[in-house]
Each structure stands twice: as structure tokens, then as C-alpha cells.
Amino acid sequence: MSTAILTGPPAPGSSLDGDLRSLGFDVRIASGAEETGALLADVPAGERVALVDPRFVGHLHALRLALTDPRFPAAAVPGALTAQAEARPALTRALDGTSATPGTPAADLPGALADTLDADGVAVHRPQLGTLVATVPTDAEARHAARAAVEAVDDEAVRLRSAVKAHDGFFTTFFISPYSRHIARWCARRGLTPNQVTTASLLTALVAAGCAATGERAGYVAAGVLLLVSFVLDCTDGQLARYALKYSTMGAWLDATFDRAKEYAFYAGLALGAARNGDDVWALALGAMVLMTCRHVVDFSFNEANAESTGAAAKTSLALSSKLDGVGWTVWARRMIILPIGERWAMIAVLTAVTSPRIVFWALIAGCAFGACYTTAGRVLRSLTRKGKRSDRAARALYDLTDSGPLAEVVARAARRLSFPDPAPVAAFLGAALVVGFALGTEPGDVTVVAAAAAYAVFAGVAVTRPLKGALDWLVPPLFRAAEYTTVLVLAARSDSPGALPAAFGLVAAVAYHHYDTVYRIRGGTGAPPAWLVRVTGGHEGRTLLVTVLAALLAGRGDDFTLALTALAVAVALVVLVESVRFWVSAGAPAVHDEGETA
């Protein structure tokens with residue numbers, strides 16, 4: 001239970017007391033600033049508290065947005081202010097200062113305190129209300145006009161519209177959201193949580209993957225239908241979170257990680273189904289997973305590198321995009337051609353139902369490759385015209401995304417003493433090209449690939465010798481991802497070990513989970529995974545070197561290479577999953593809801 005303190009007796013006929021109680025607040029009434037302070041002191045320190053002007057007139061949803069959103073330490077609309085535990089000390093100081101000022105009416109408190117908190121360095125969130133009303137009328141005529149304005153706007157309709165993400169793909173916007181938001185409202189009214197809907201989406205996708213694994217046409221049709229149902233539920237969980245303001249750190253993590261789990265499980269189901277019909281498409285399945293993951297790393301890395309871009313730098317890099325936004329149809333066209341998640345899942349579902357897994361994967365690879373080239377080229381051009389300097393926070397985030405292990409750290413320390421120039425993207429590219437090139441150009445089991453992987457570790461260390469603040473340094477993490485994943489794919493595909501590709505699929509999936517988890521921690525403001533986890537898992541360069549050694553020793557010895565890849569996959573998965581679950585269950589991070597990448 002949270003506590004709401006009215007800073008004076010409510011006006012006759014006001015529904016304010018009932019509205020606050022319907023939002024879960026225990027309502028107390030003060031007679032002035034001094035008594036408000038005393039009531040505030042009685043509220044337990046870890047509890048949310050709200051201060052509300054008794055003259056407040058507005059929509060219930062305006063109060064809900066201001067007073068119940070868990071993502072912000074403090075929030076306010078005209079006439080109402082809330083503070084969570086972390087902002088309570090600042091609120092107490094502000095109230096003490098106001099109480100010490102003679103002649104301050106209690107009814108002015110919420111607005112005055114919100115301004116004081118802002119001045120004290122506490123960011124007070126002020127939600128965009130749009131057509132919703134939230135005001136403090138000063139006389140009877142203004143009060144009558146405010147009530148008429150409230151009656152003129154259906155706040156439930158506004159609440160339902162705002163449950164839909166502001167920026168989404170064409171398929172999601174026009175084919176899913178028009179009815180999924182009503183499903184979200186149905187879930188809210190029955191007490192279902194976003195996490196429960198997220199879990200239902202995962203289970204539905206796993207059943208779809210099982211249907212695809214049958215290899216039967218009926219199974220493929222059922223898989224396509226169930227995959228679309230899973231996507232509807234995937235949209236619903238976010239809309240439910242926005243509709244009911246049920247945001248959480250755990251929810252954002254589940255939503256993001258389950259998306260990847262669903263997609264990868266479906267790829268595996270398609271590959272198993274194809275194998276039942278004598279068609280081995282594991283290389284295509286793994287290639288699609290590698291391509292999609294590397295594409296996401298490009299998105300994450302670029303966004304983290306430029307998260308703090310402001311002023312002229314931001315305006316320069318976004319000038320062309322802003323011009324295109326002025327032509328309405330180009331907005332949807334640009335969203336569709338990058339094959340965002342809605343279009344991608346729709347394509348996978350339809351092709352699964354009417355074609356074969358091989359066609360599904362080739363279409364997926366072609367579409368994602370085009371989208372990756374389009375977005376990466378645009379970002380490179382933006383980066384080259386960027387004039388601002390990258391912050392230390394951005395450079396740290398980029399380094400964390402590289403997943404550099406002990407070998408790279410040793411090389412980086414040595415390289416700093418030699419005063420190398422700043423070669424980050426060039427070194428990363430050369431190292432990636434070297435190890436992948438040797439994996440492709442030599443016989444399976446050739447020890448020269450091990451030497452190439454050792455050289456890759458050296459280049460990886462050189463790339464992170466200095467802070468990643470260069471214009472194109474955001475390319476370093478995706479280059480490392482491409483090098484590691486592609487090396488595993490090539491070595492498994494070219495080995496004579498039966499089952500090596502499915503084992504490699506499992507290994508890349510486990511490592512990709514670790515990399516996605518790193519992104520979600522950084523986005524949640526909790527920093528990268530602990531250093532011990534990166535060291536234990538070897539870093540990208542250590543794992544790449546280890547896989548090349550295993551291939552050199554075991555590629556020609558029956559299924560030994562497959563067993564080694566499987567053991568490595570299980571070991572990595574156990575370590576990263578246990579640490580990830582431990583962290584997110586006990587995380588002290590603020591509640592968030594990741595609006596997500598359209599891709």
C-alpha cells in the first residue's frame with residue numbers, strides 16, 4: 001500500500017479521495033505544510049508517497065501516470081507529486097524548507113515541491129498528458145470548466161491508445177496492435193501480469209517449434225499459426241505493461257531474452273523438421289542466427305555509442321533522416337525494408353506454412369542481410385559526419401560490449417606501453433578477416449587456423465588498447481561477434497564430425513545469450529556482467545582460440561569434435577544462465593520497460 005497525502009480538505013463533491021484509493025493509495029488529509037511534513041514522516045521510508053492538491057481536477061489516468069509509474073524516482077502533474085524511496089530524502093528536505101517559509105499555502109505544495117526537487121538535482125518525470133486533463137482551478141468558474149473538459153475526453157480511450165508503442169513496424173501497427181491492445185485490457189481487468197503474458201508467448205513459440213520439428217505439412221501449418229499467436233502475445237505483454245503501468249526490471253529482461261529464445265528455438269525446430277525429410281539445413285539455421293545477432297549488436301553498439309549525442313552533432317547526423325521523415329510513406333518503407341520483428345515473424349510464419357525450411361532460411365538470410373547492410377551503411381555515414389566527442393560512459397559501454405577476455409587484456413596492456421596509434425576498427429576488422437579467412441581457406445583440422453586465432457587474439461587486444469571514442473569505434477563489438485560466431489559456423493560446417501553443426505548452433509546460442517544479457521544490463525543502468533564471468537567464459541578471443549584448437553585436435557576423430565562443442569556449449573550456458581538469473585532476480589536496478597528495437 002502506498003500513501004497519498006492531501007494537502008488540505010478536498011472540495012465538496014470531489015472524487016479525489018476515491019480516485020486515489022482506486023489507485024492503491026491510503027489517503028490521509030493534512031491541514032497545512034507543517035502537518036503534511038508530520039504525516040510524511042510517519043510514512044515508512046521504503047514506501048511510495050504522493051502529495052496531492054485538494055483542488056485537483058483531472059482524469060483518473062492522469063493521476064495514474066503521475067503517481068503509479070514505478071520507473072521514475074519522482075513524477076508530477078499539475079497538482080500532484082509522487083516520490084519513491086530513493087527520492088524521499090530530497091522530498092523531506094524540500095518540504096522542510098517550504099514549511100520554514102511563512103505564508104506558503106498548503107494547496108501550493110505539490111507544484112512548489114516538484115520545482116524544488118528539480119533544483120535539488122532530482123529529475124522529476126512529467127508525463128505527456130496529451131488530451132488528458134490535470135489542473136488546479138483557483139475559482140468556481142475555472143473548476144466548472146475543468147470538469148467539463150474532463151467529461152469531454154474519454155480517458156479510457158486515451159489509455160488504450162497509449163498502450164501501443166509510438167514507433168513500431170508496419171505489420172505490428174496495422175495488423176496486430178488494433179486488437180492486441182484490447183487483449184491487453186482484458187488481461188489487466190483479470191489481474192494478469194505482463195510477465196505471465198510473456199511466459200505464455202514463450203510457451204506458445206516452443207510449441208510452434210515442436211510442430212515445425214515434426215517435418216509434416218500439418219505441423220508446418222500449425223507452427224506458422226502458433227508463431228503468429230506467440231507474436232500477438234509478445235505485443236500484448238508490452239501493451240499490458242503500458243496500459244496498467246506494470247513495469248519491472250525482471251519484465252524488461254524476460255521480454256527481451258524470451259524474444260531471442262523463441263526465435264532461436266523456432267530455427268532449431270525448422271532444422272529438425274527438415275532433417276526428418278532428409279534435408280540438412282543446420283548451416284542455414286546457424287547462419288540466420290549469426291546474421292540476426294550481429295545485426296542486433298550493430299544496433300545496440302551504435303545506440304550506446306551515440307546515446308548522449310546532443311546539439312549540433314545530433315542534428316548533423318540526423319539531417320537526412322529528418323528530411324525523409326517529412327515524406328510520410330518513406331517512414332513506413334524504411335521501417336519495412338529492414339525487416340523488423342513483426343515483418344520478420346510474419347514472413348517466417350507464412351513461409352513455414354506454405355514452403356520448406358530451406359526456403360524459409362534463405363529468405364530470412366537475404367532479407368536480414370539487406371536490412372543489415374542498409375542500416376549499417378546509414379550509421380557509418382552518420383558517424384563520419386558526427387562532430388561531437390564520445391563520452392567516457394559511451395566508451396565504457398562499447399568496451400563492455402566487446403566482451404574482451406584475459407588474452408585481449410594482456411595484449412592491450414602491452415600495446416599501451418608501445419604507444420600504438422588508435423586503430424580500433426581496423427585492428428578488429430583485420431583480426432576478424434584473418435581468423436575467418438583461414439577457417440574458410442584451409443583443410444579441416446589444419447593447425448594454421450589455430451595460429452590465425454592466436455593472431456586474432458592479438459588484434460583483439462590492440463583494438464581495445466585505448467578508450468573506444470573514435471567515430472567508427474562502435475563497429476568493434478559487431479566485428480568481434482561476427483568473427484567468433486562465423487568461425488564456429490565454418491569450422492563445424494567443414495568438419496567431418498557428425499552433428500557438429502547442431503552442437504555449434506547450441507554453442508553460439510549460449511554465447512549470444514551472454515552478449516544479449518550484457519546489453520540488457522547496460523540498458524538497465526546496472527553496468528556490464530562481473531569481470532569474473534567474462535574471464536571464466538574466456539572472452540570472445542579466448543573462446544575463438546579454444547574452438548580452433550578443438551577443431552585441430554578432434555575434427556578428424558569421429559564425433560569427438562561434436563562432443564567437445566556440446567560440452568563447451570553446456571558449460572557456457574550453465575555459467576551465464578546461473579549468473580544471469582541470479583542477477584536479475586536480485587537486481588536493485590530501477591523498474592524499466594524496454595520499448596525495444598523494431599528489428
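This chain uses plain numbering: 1 for the first residue, then up along the sequence.
Under the side chain to side chain contact (heavy atoms under 4.5 Å, CB included) criterion, Thr68 pairs with Leu23, Phe25, Arg64, Leu245, not counting sequence neighbours. Taking the salt bridge (charged side-chain N to carboxylate O under 4.0 Å, His left out) definition, one finds that Glu156 meets it with Arg159, Arg185, Arg189, sequence neighbours left out. Shown here are the side chain to side chain contact (heavy atoms under 4.5 Å, CB included) partners of Leu272, two or more places apart in sequence or in another chain: Ala213, Trp282. Looking at residues two or more places apart in sequence or on another chain, you find a ring pair (Phe, Tyr, Trp, His ring centres under 6.0 Å) between Phe361 and Tyr267. Under the ring pair (Phe, Tyr, Trp, His ring centres under 6.0 Å) criterion, His59 pairs with no residue at all, not counting sequence neighbours. Partners of Arg190 under the salt bridge (charged side-chain N to carboxylate O under 4.0 Å, His left out) rule, at least two apart in sequence or in another chain, do not exist in this structure. Residues satisfying the side chain to side chain contact (heavy atoms under 4.5 Å, CB included) test with Ile359, not counting sequence neighbours, are Thr355, Ser356. Judged as a salt bridge (charged side-chain N to carboxylate O under 4.0 Å, His left out), and not counting sequence neighbours, the contacts of Glu263 are Arg260, Arg344. The salt bridge (charged side-chain N to carboxylate O under 4.0 Å, His left out) test applied to Glu541 returns no partner, not counting sequence neighbours.
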* **Stepwise side-chain contact (heavy atoms from CB on, under 4.5 Å) check, Ile176 with Leu228** => CA-CA 10 Å; Ile176 303 296; Leu228 288 177; 5.9 Å; no
* Taking it one step at a time, do Arg126 and Val77 satisfy side-chain contact (heavy atoms from CB on, under 4.5 Å)? -> CA-CA 6 Å; Arg126 290 175 169 82; Val77 293; over 6 Å; no
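For residues 504-519, the salt bridge (Lys or Arg N to Asp or Glu O under 4.0 Å) pairs, not counting sequence neighbours, are Asp517-Arg521. Applying the side chain to side chain donor-acceptor pair (under 3.5 Å) definition to pairs two or more places apart or across chains, those involving residues 203-230 are Ser201-Ser230. Screening residues 487-504 for salt bridge (Lys or Arg N to Asp or Glu O under 4.0 Å), with sequence neighbours left out, gives no hits.
Ring pair Trp332/Phe174: centre-to-centre distance below 6.0 Å. No close placement of the Trp253 and Tyr520 rings is indicated, their centers lying 6.0 Å or farther apart.
Both tests pass for Arg71 against the ring of Tyr247: distance under 6.0 Å to the centre and angle within 45° of the axis.
In summary, Arg379 and Asp299 engage in a salt bridge, as defined by a charged side-chain N under 4.0 Å from a carboxylate O.
Of the listed residues (Thr236, Thr172, Val232), just one forms a side-chain contact (heavy atoms from CB on, under 4.5 Å) with Ser177, and that residue is Thr172.
Side chains of Asp69 and His125: no donor on one and acceptor on the other come within 3.5 Å. Checking Ser404 against Thr402 by side-chain atom types alone, a donor-acceptor pair falls below 3.5 Å. Between the side chains of Trp584 and Thr249, no donor-acceptor pair is found at a separation under 3.5 Å.
Thr352 and Phe266 make their closest contact through OG1-CE2, 3.6 Å (heavy atoms, listed as atom of the first residue, atom of the second, distance).
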